[in-house]
Amino acid sequence: MLSGMHEHDGPLTRLRRSHEHGVLDLLRKNGPMSRADLGARSGLSRTTLHDIVGGLVGSGAVVTSTPHVEVRKRGRPVEQLSLNPAAGEAVGIDFARRAVHVAAVNFAHEVIGSASEAHATDLSWPERVDIAVRLLTTLATGPSGDSSTGSSDDMAGGAAGGAAAGGPDRDRSQDPDRERDRSQDRSATVHLDALSAIGVGVVGPTTDPGSENAHAQGIDGLPDLLRKRFGAPVLLDNNTRLAALAEAVWGAAADSSDVLYLRLSHGVGGGLVVGGALHRGRYGLSGEFGHITVDPAGRQCECGGTGCLETRASLDAVLYRYREAGGRATDLAGFLDATSAAERPALEVLERVGSEIGEVLAAVCHAVGPGVIVVGGELAEAGPALLEPVERALRQHLMPMARRYVDVRRATLGEAGSALGGIALVLHESPLLSHYPRPVSEENE
């Protein structure tokens, strides 16, 4: 009896278990990966990785797939490994300034669906949470039209939730064939009674729900409200930072582990993903690129500073500068139309704005060394008229040796970005695998 116990819990068994959980953790955080990528990231030898992956596939914890024919490159298709998509789902919520956005993803990082609903800016937090619940219920509706909440026995794992909140002061589509395939799979619906965590994003320099900043935005009671509605722990973060994480996991920078994200909206903010992980900073100040000084003699900023990038590149600031230059449009849609029509005042303003943004980004790049810069927000809809001046100024101000390492891209996830970022936060930081299919080494104990 004692020798049997020693055999099952000996050093080799513990080492194998550690390797298995290491591989599962990489797939949980990064989504589908090739064996080569897993080997490089895990540090396991080829022989050990083959043995570990074989056991995980045999237990059902990991599944294999190959790219669809239309996306394969020449040569033999590279097999991808991922967590079993039937093991559960994660949901994300973005409480933006004027709307609620939700999204759902399965454990294989495949997007199940998303939904949005606009609302008045003065809507109360309980009412916003009601919208989130209603939207998530639409994603939890099965093929028959009934809510597919399911029992715990129906779930191989469970669902998890992440949310982002913009606060009152800020502002995929599915492949039809794949959707039909999912209609036969109950795991393609969201189980709201099995959430592992809810992530909440807030706008501001801190992620402490009890802070003065949180109280001023009226969101200090939101975590408790969500915990009561969903019965799950809450993960709190800035919704712009969550958009950065989402772009690094599913979006424009999915091929990079070091990402700088800049959002140009009613405010100017951003986020940093360093080594594949979201960087917050000691006091939650990371990503406040909008408060880097551009013009020391410029306009006063809401933060108390003078001439911040936000006073030059936010939507209101750009429209103000455009009208000063003789432009006639009064809103963003009109300004973007003027840009598309190559109206001179619009293009001149974007040239200056892009140059200022590029100079700021160059300074940040010298400090953190990202591989990809992603530009998002409503102003990014101006496309090349903005991004080309940004890239010219960036390369002008970067050290020559750094220029070839930085790639500027436009964000791809749109309004679902922060909700997907809430999911990514949970996948990265919540212990989702506690009810996951057990690796072989644990089944034998």
Side-chain angles (χ1 to χ4, degrees), residues 29 92 94-95 162-167 169-170 197 199-217 219-220 222-223 234-249 251 253 256-294 301-305 308-311 313-314 357 359-377 402 406 411 417-418 420-430:
K29 292 179 178 179
D94 173 19
F95 292 106
D169 300 323
R170 296 264 191 176
V200 181
V202 298
V203 170
T206 180
T207 55
D208 179 3
S211 69
E212 182 179 346
N213 176 70
H215 180 70
Q217 296 181 65
I219 54 88
D220 47 351
L222 181 59
V234 173
L235 299 179
L236 186 70
D237 216 307
N238 177 295
N239 67 345
T240 304
R241 277 202 294 262
L242 293 183
L245 185 59
E247 291 289 345
V249 174
S256 178
S257 59
D258 295 286
V259 181
L260 189 163
Y261 172 80
L262 178 71
R263 185 183 184 192
L264 303 167
S265 183
H266 297 281
V268 175
L272 290 171
V273 176
V274 180
L278 192 63
H279 177 69
R280 297 181 176 89
R282 177 64 180 83
Y283 301 105
L285 291 170
S286 176
E288 294 293 335
F289 309 135
H291 300 294
I292 295 175
T293 300
V294 173
C301 181
E302 290 182 358
C303 73
C308 296
L309 182 62
E310 187 164 299
T311 69
S314 65
I357 291 171
E359 186 174 351
V360 167
L361 291 178
V364 178
C365 285
H366 288 152
V368 299
V372 175
I373 294 175
V374 178
V375 181
V406 181
S418 293
L420 288 169
I423 295 172
L425 183 70
V426 171
L427 291 173
H428 278 222
E429 300 189 8
S430 180

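In what follows, every heavy atom counts, from backbone to side chain, and hydrogens, waters and symmetry copies are set aside. Numbering starts at 1 and runs along the sequence shown.
- Side-chain atoms of Thr311 come within 3.5 Å of backbone atoms of Cys308 as a donor-acceptor pair (strictly under, hydrogens ignored).
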side-chain contact (heavy atoms from CB on, under 4.5 Å) for Leu222 and Phe95? Distances and angles first, verdict last. CA-CA 11 Å; Leu222 181 59; Phe95 292 106; 4.2 Å; yes
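- With sequence neighbours excluded, the residues satisfying side chain to side chain contact (heavy atoms under 4.5 Å, CB included) with Ala313 are Leu264, Val268, Leu309, Val353, Ile357.
- Closest non-hydrogen pair, Ala411 versus Tyr261, comes out as CB-CE1, 4.3 Å.
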Mind running side-chain contact (heavy atoms from CB on, under 4.5 Å) on Glu310 and Ile292 for me, showing each step along the way? CA-CA 8 Å; Glu310 187 164 299; Ile292 295 175; over 6 Å; no
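- In plain terms, the two heavy atoms of Ser418 and Leu242 that are nearest each other are O-CB, 3.9 Å.
- With hydrogens and angles ignored, the 3.5 Å screen pairs a side-chain donor or acceptor of Ser286 with a backbone N or O of His279.
- How far CD of Glu288 is from SG of Cys303: 9.0 Å, rounded to the nearest 0.5 Å.
- Panel note: side chain Ser256, backbone Asp258; a donor-acceptor pair is recorded below 3.5 Å.
- A 4.5 Å side-chain heavy-atom check between Ile423 and Leu427 finds at least one atom pair inside the cut-off.
- Atom-to-atom distance recorded for Glu302:CD and Ser314:OG is 8.5 Å, nearest 0.5 angstrom.
- Side chains of Leu420 and Val249 form no contact here, defined as non-hydrogen atoms less than 4.5 Å apart.
- Residues Leu272 and Phe289 have side chains in contact (heavy-atom distance under 4.5 Å, counting atoms from C-beta outward).
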Which atom pairs, donor and acceptor, lie under 3.5 Å between side-chain atoms of residues 362-369 and protein residues at least two apart or in another chain?
unit_1 : atom_1 : unit_2 : atom_2 : d
His366 : ND1    : Ala362 : O      : 3.4
His366 : NE2    : Met399 : N      : 3.0

Could you walk me through whether Val372 and Leu260 pass side-chain contact (heavy atoms from CB on, under 4.5 Å), step by step? CA-CA 6 Å; Val372 175; Leu260 189 163; over 6 Å; no
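- The side-chain heavy atoms of Leu262 and Val374, taken from C-beta on, include no pair separated by under 4.5 Å.
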